[in-house]
Amino acid sequence: MKQFEAFKLDSANGCLYRDGEPIDLPPKPFAVLNFLVENPGRLITHDELLDKLWPETFVQPQVLRTYVLELRKVLGDEAGNPRFIQTLPKRGYRFVASVTNSQEVISVSASGAAQSSAQAPHPASPGFVNRTNELALLRSEFDRIGQGDQGKRRVVFIIGEAGIGKTALVDFFCRQLPAGTVVARGECVSGVGAREEYYPVNEALGHLCTSTAAEEWCRILARMAPAWLAHIGRQSEPPQPSSAQPTAQARMPGDLCAALEEISRTRPLVLVFEDLHWADAATLNLLAALARRRAPARLLVLATFRPHSIVPAHPLRALKHDMLFHKLCTEVALEPFPRAAVASLIMGELHQSALPPGLSEFVHHHSEGNPLFAIAIVEHLIAQQILVSAGQNGAAHYEIRSPLHNLSSEVPGKLAEMVELEIERLAPDVKELLEAGSLLSVAFPAWAVAAAVDCDHAEVEERCDALARDLHFVERVGEDELPGGARSAFYVFAHEVYREVLYQNQSAARRAQRHVRIAERLAQLFKGREADVAREMAMHYEAAGEMKRAAQALRAAAAHAAERNAHFEAVELNDRAAQIESQV
Ligand SMILES: Nc1ncnc2c1ncn2[C@@H]1O[C@H](COP(=O)(O)OP(=O)(O)O)[C@@H](O)[C@H]1O
Ligand SMILES: [Mg+2]
């Protein structure tokens, strides 16, 4: 019997249990889960799953997706933040939770590895290459945060250009942390979401409050930082203060720092803040406060950013200098991949252990060792049918069909230009959908794309699904339930660079028109629950330059919140409206 978190899997009898209670699971999804649990921590490609499970039968690869969706539902897992099954776009799946067998820990986990970082080196993970020194440094920083009341906080800045591998490094490192480590991750976003104060902090708190020991963390936050909890919608209303009006300032950074220190008393806490070049000032202040406080805390903060995306006067620059000067942080600057690492990366992408002569040199030379750029070049070569699969029986084996040097002048010198080239070759109606998707931060739902391009929702969803199947840089990650019960799938770009290029691709007038349509659709969909989406509507109106409508949306939502006695929310929405009105 294998165990992971509250689940037990009895493969001999084909049963899955949660907390000892049997769970109904049809045989095929069960077989998929069983295979993944038997092979924890390893990338299982679609082909391997299909070959091993149904060697005699033809099963459509898309069907796997349905089984995994079903498994995620049963396990309470999320594709965007996997506790059990991680999707590796276009490649396959990996079971990322700790699996135990009669008390024996046999695998690594998403939130904690079986081995301590001080123990034997981790087995190489398929898919992750290079970065040995950087991983060693991160592990030694983790070891330095210490034990119990002696805890010592550490901040590590991981810097490098877009696509160099900051996120990949942090994700890989976090997957290998010792069991029991709490990881909370917040991503700064560009686009409409960037206007929200404390966006990444809220996201990280949201993670904490949905993690395995969520109840315990929520209790600590409720006691020590109630306003923060209220802000992420985990607590309906803080107690109504008798004299002072509740305002947005009720979220004191000190309260949150103290609560995080308290959480780190029982378990090491790793906070990840991604893409700080887009962080709001409040988030940066909070980070400074976290770094400077003296109380014991077993806290490791990993913060990534692109140094070339911040202007000299950017507060992040001063913050980092100050922290380096006071020895409060360490910096890891990610270098380009050497040729051998580019070769390994391509082998991983193509699922083959040897490469046609000259390919890795060509890709390394043109990408200058940037892994995202390298992947985009390989995808380009495949799209141009220069790199062609000559495999038999479904096994991929790529060969070069025309001399690569003829192509040299065609490969642009910059990552963004390479991405532009990839996008240019798409049909206009495909580009239109993707451009609409780029108007949203983080993930884009089919209903919003449908609104932006003024098309039928179901049809757009089908077309987006096709995109997610065909394009390496779009992935379907889940489904939302809309008011009224309809469902809408949502998608992400594999990397922010794709969103940025697509966003810039549109004329300002076209963007504005589409933002307004999304805001209007939000109002329609959430009629009667405007407060829930007011901020989002206002962001779209603001992005369209429609400040009056942005403020109106917030005022209407504030009135609606007040009717529901949600005073805290009403004050905040009115504050935000006043801010926007003052800019008009
Ligand atoms: N060490 C690595 N091993 C394998 N692939 C990597 C590695 N680093 C980056 N990549 C690939 O490059 C892409 C871009 O890397 P990412 O970490 O998202 O860049 P960044 O966060 O610096 O913008 C990833 O999606 C991944 O496919
Ligand atoms: Mg990143």
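Whatever order the structure lists them in is the order used to number ligands and atoms, beginning at 1. None of the values given here were measured: they were computed from a predicted structure. All values below were derived from every heavy atom in this structure, side-chain atoms included, with hydrogens, water molecules and symmetry-related copies excluded. We count residues from 1, following the sequence as given.
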- Query: Does the pair Lys320 and Phe305 meet the rule for a side chain to side chain contact (heavy atoms under 4.5 Å, CB included), with working shown?
  - Reply: CA-CA 11 Å; Lys320 195 193 75 180; Phe305 72 91; 3.9 Å; yes

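- Within the protein, the number of N/O/S atoms found under 2.8 Å from the Mg ion (ligand 2) is 1.
- In this structure, atom 27 (O) of ligand 1 has protein heavy atoms in its sub-4.0 angstrom surroundings.
- Only side-chain heavy atoms of His495 come within less than 4.0 Å of ligand 1; its backbone N, CA, C and O stay farther off.
- With respect to the salt-bridge test (charged N to carboxylate O, under 4.0 angstrom), the residues Arg425 and Glu410 do not qualify.
- Every atom of ligand 1 is numbered from 1 in the order shown, and the set under 4.0 Å from a heavy atom of Leu345 is 4 (C), 5 (N), 6 (C).
- Listed for the Asn130 side chain is no donor-acceptor partner under 3.5 Å among the backbone atoms of Ala341.
- Across every non-hydrogen atom of Ala204 and Ala184, the tightest pair is O-CB, 3.5 Å.
- There is no protein heavy atom closer than 4.0 angstrom to atom 24 (C) of ligand 1.
- The protein heavy-atom contact nearest to atom 10 (N) of ligand 1 is Pro371 CB, 3.7 Å.
- Counting heavy atoms from C-beta on, the side chains of Phe173 and Val183 never come closer than 4.5 Å.
- Where the criterion is an N or O separation shorter than 3.5 Å, residue side chain and backbone included, Arg131 fails it with respect to ligand 1.
- At least one N/O-N/O distance between Val129 and ligand 1 falls below 3.5 Å.
- Arg175 places no side-chain N or O within 3.5 Å of a backbone atom of Val96 that could act as its donor or acceptor partner.
- Across every non-hydrogen atom of Leu426 and Glu422, the tightest pair is CG-O, 3.7 Å.
- Protein heavy atom in closest approach to atom 16 (P) of ligand 1: Gly165 CA, 3.7 Å.
- At least one N or O atom of Ala168 sits closer than 3.5 Å to an N or O atom of ligand 1.
- Both the backbone and the side chain of Leu372 come within 4.0 Å of ligand 1, judged by heavy-atom distances.
- For ligand 1, the atoms closer than 4.0 angstrom to any heavy atom of Glu161 are 22 (O).
- Both tests do not hold together for Arg154 against Phe142: distance to the six-membered ring centre under 6.0 Å, angle to the ring axis within 45°.
- Regarding atom 4 (C) of ligand 1, its nearest protein heavy-atom neighbour is Gly127 O, 2.9 Å.
- Close approach of ligand 1 to Lys166 is summarised as follows: ligand atoms under 4.0 Å from at least one heavy atom of the residue are 17 (O), 19 (O), 20 (P), 21 (O), 22 (O), 23 (O).
- Salt-bridge check for Asp171 with Arg185: passed, with a basic side-chain N closer than 4.0 Å to an acidic carboxylate O.
- Residues His366 and Phe362 place their aromatic rings such that the two centres sit under 6.0 Å apart.
- Note: Phe95 and Phe35 fail the aromatic proximity criterion, with ring centroids not under 6.0 Å apart.
- Residue, atom and distance of the protein heavy atom nearest to atom 21 (O) of ligand 1 are Thr167 OG1, 2.8 Å.
- Looking only at side-chain heavy atoms (C-beta outward), Leu138 and Leu169 come within less than 4.5 Å of each other.
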- Task: Evaluate the criterion salt bridge (charged side-chain N to carboxylate O under 4.0 Å, His left out) for residue pair Glu496 and Arg499; output intermediate values, then yes/no.
- Result: CA-CA 5 Å; Glu496 183 61 24; Arg499 200 196 71 77; 2.8 Å; yes

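- For ligand 1, the polar-atom distance check finds no N/O of Glu274 at less than 3.5 Å from any of the ligand's N/O atoms.
- At least one heavy atom of Ala162 lies less than 4.0 angstrom from ligand 1.
- Counting heavy atoms under 4.0 Å from ligand 1, residue Phe337 touches it through the side chain alone.
- Between Tyr498 and Phe473, the angle of the ring planes stays under 30°, which puts this pair in the parallel group of the 30/60° scheme.
- Within the 4.0 Å heavy-atom shell around ligand 1 one does not find Glu496.
- Salt bridge Glu141/Arg144: present, at least one basic N to carboxylate O contact under 4.0 Å.
- Gln506 and Ser438 share a side-chain donor-acceptor pair at under 3.5 Å.
- Below 3.5 Å of separation, one finds an N or O of Gly163 facing an N or O of ligand 1.
- For Thr304, no heavy-atom contact with ligand 1 is shorter than 4.0 Å.
- Counting the atoms of ligand 1 from 1 in the order shown, those under 4.0 Å from a heavy atom of Phe128 are 1 (N), 2 (C), 3 (N), 4 (C).
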